[in-house]
Each structure stands twice: as C-alpha cells, then as structure tokens.
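Quick notes on the structure that follows.
Computed from a prediction, not measured in an experiment: that's the story for all the values here.
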Amino acid sequence: VQLQASGGGLVQAGGSLRLSCAASARYFTALTWAWYRQAPGKERELVASISRLGNTDYTDSVKGRFTISRDNAKNALHLQMNSLKSEDTAVYYCNRNPPFHYWGQGTQVTVSS
C-alpha cells in the first residue's frame, strides 16, 4: 500500500486548506478511509472518516469546519479545512479506518495566530 498526502502549508488563522491523498490500496472503494493528525508532543488522533457509502464522521473539534470526501474513480481522499485555528497545527495523514500499519509521510499544516 502507498499513501501520499499533500496540500499542507502555512496559513493564517481563519484561512483554508484542502488536503489530498493518493492511495494505492487494493479494494479502495470497499474501505472506510480517514484523515488523522499528530500535533507536536501529542498522540495521533482521528480527525474525520468516510465510509464506502459516503457516510462521514468527525471529531468534535473540527465539526462544521472540515469536510472529508472521496473520489473512488481516482483512489483519492480529500479534506477541506476551513476556519482553521492554531490548534489545527499538526502533521496530517491519510489512512484507512482502522489504519494500516504503514502510514506514509503525511503533510504539515501550520496555522499561525
């Protein structure tokens, strides 16, 4: 499996970013996929997930601000992040839910206040 997250960067508080993930995994369309993040000194946490049927779920801190989506034709996963806050600063990873052992490099999101 290969998981390549991209789209991170430096943004001011209140700004937006759109993350993308290219996943080369067998049975992509049959799996639940998710975005995770890990802030400095903290454990990795599940941010948002999307089932094979398109049902979504979000951690409370991002509800109403983040939107997860998937493009099964392209084996791609996206995370639209709006109204970003400094506490959203982290390395963001894509993976299935529950996750593979392999994580990929992730993409850094830094929100300046």
Side-chain angles (χ1 to χ4, degrees):
V1 61
Q2 291 187 349
L3 303 169
Q4 183 64 52
S6 62
L10 174 64
V11 63
Q12 289 188 335
S16 299
L17 284 174
R18 179 177 170 84
L19 305 185
S20 295
C21 172
S24 60
R26 293 184 68 182
Y27 312 120
F28 178 90
T29 57
L31 301 176
T32 292
W33 288 90
W35 285 96
Y36 302 78
R37 67 185 179 188
Q38 187 167 21
K42 296 187 177 181
E43 294 187 354
R44 189 174 288 150
E45 66 169 338
L46 175 63
V47 175
S49 64
I50 184 166
S51 74
R52 63 183 182 87
L53 298 178
N55 297 314
T56 59
D57 194 23
Y58 301 90
T59 191
D60 286 345
S61 62
V62 308
K63 285 181 180 177
R65 300 188 298 121
F66 290 11
T67 302
I68 188 172
S69 61
R70 62 191 292 167
D71 184 342
N72 290 332
K74 297 182 178 180
N75 279 18
L77 188 69
H78 302 285
L79 186 67
Q80 178 66 43
M81 306 187 296
N82 299 328
S83 302
L84 283 161
K85 304 176 180 180
S86 57
E87 50 262 45
D88 295 319
T89 294
V91 179
Y92 285 72
Y93 302 87
C94 58
N95 208 322
R96 75 169 194 177
N97 183 18
F100 294 112
H101 290 297
Y102 171 75
W103 279 93
Q105 290 190 341
T107 187
Q108 175 71 49
V109 172
T110 303
V111 184
S112 63
S113 57

>> Check the orientation of Y36 and W103. Use parallel for under 30°, tilted for 30 to 60°, and perpendicular for over 60°.
In response: perpendicular
> Are any of the side-chain heavy atoms of T67 and L79 separated by less than 4.5 Å?
Replying inline: no
> Can you name the closest pair of heavy atoms from N97 and A34 and give their distance?
Replying inline: CB-CB, 3.9 Å
>> Restricting to non-hydrogen atoms, name the atom on S113 and the atom on S86 that form the minimum distance, rounded to 0.1 Å.
In response: CB-CB, 4.3 Å
>> We want to know whether H78 and S69 form a side-chain donor-acceptor pair, criterion being a heavy-atom distance below 3.5 angstrom.
In response: no
> Any side-chain heavy atom of F100 sitting closer than 4.5 Å to one from L31?
Replying inline: yes
>> Under the criterion side chain to side chain contact (heavy atoms under 4.5 Å, CB included), I'd like the reasoning laid out for L3 against R96: C-alpha separation, chi angles, the key distance, then a yes or no.
In response: CA-CA 10 Å; L3 303 169; R96 75 169 194 177; over 6 Å; no
> Per the side-chain contact (heavy atoms from CB on, under 4.5 Å) rule, which among I50, V47, L19, D57 passes with I68?
Replying inline: I50
>> Do S16 and Q80 make a side-chain contact, defined as non-hydrogen atoms from C-beta onward lying under 4.5 Å apart?
In response: yes
> Is it the case that more than 12 heavy atoms not belonging to R18 sit under 6.0 Å from its CZ atom?
Replying inline: yes
> Is there a donor-acceptor pair under 3.5 Å between the side chain of S24 and the backbone N or O of V1?
Replying inline: no
> Between W33 and F28, is the ring centre distance below 6.0 Å?
Replying inline: yes
> Are N95 and W35 side-chain neighbours, meaning at least one heavy-atom pair lies under 4.5 Å?
Replying inline: no
> If you look at every heavy atom in K42 and Q38, which pair is closest and at what distance?
Replying inline: O-NE2, 3.1 Å
> Are the side chain of T107 and the backbone of G8 linked by a donor-acceptor contact shorter than 3.5 Å?
Replying inline: yes
> Please walk me through it: do K85 and D88 pass salt bridge (charged side-chain N to carboxylate O under 4.0 Å, His left out)?
Replying inline: CA-CA 5 Å; K85 304 176 180 180; D88 295 319; over 6 Å; no
> Under a 4.5 Å cut-off applied to non-hydrogen side-chain atoms, are V109 and M81 in contact?
Replying inline: yes
> From R65 CZ over to S83 OG, what is the distance, rounded to the nearest 0.5 angstrom?
Replying inline: 7.0 Å
> Is it the case that more than 12 heavy atoms not belonging to Q4 sit under 6.0 Å from its CD atom?
Replying inline: no
>> Would R37 pass as a cation-pi partner of Y93, given that its NZ or CZ must be under 6.0 Å from the six-membered ring centre and within 45 degrees of the axis?
In response: no
> For S49 and T32, which heavy atoms make the closest approach, and how far apart are they?
Replying inline: CB-CG2, 4.2 Å
> Does the pair Y58 and L46 meet the rule for a side chain to side chain contact (heavy atoms under 4.5 Å, CB included), with working shown?
Replying inline: CA-CA 8 Å; Y58 301 90; L46 175 63; over 6 Å; no
> Hey, quick one: are V11 and V91 part of the same hydrophobic cluster, counting side-chain heavy atoms closer than 4.5 Å, chains of contacts allowed?
Replying inline: no
> Are Y102 and Y92 in one and the same hydrophobic cluster, where Ile, Leu, Val, Met, Phe, Trp and Tyr link if side-chain heavy atoms are under 4.5 Å apart?
Replying inline: yes
> Between T110 and Q108, is any side-chain donor less than 3.5 angstrom from a side-chain acceptor?
Replying inline: yes
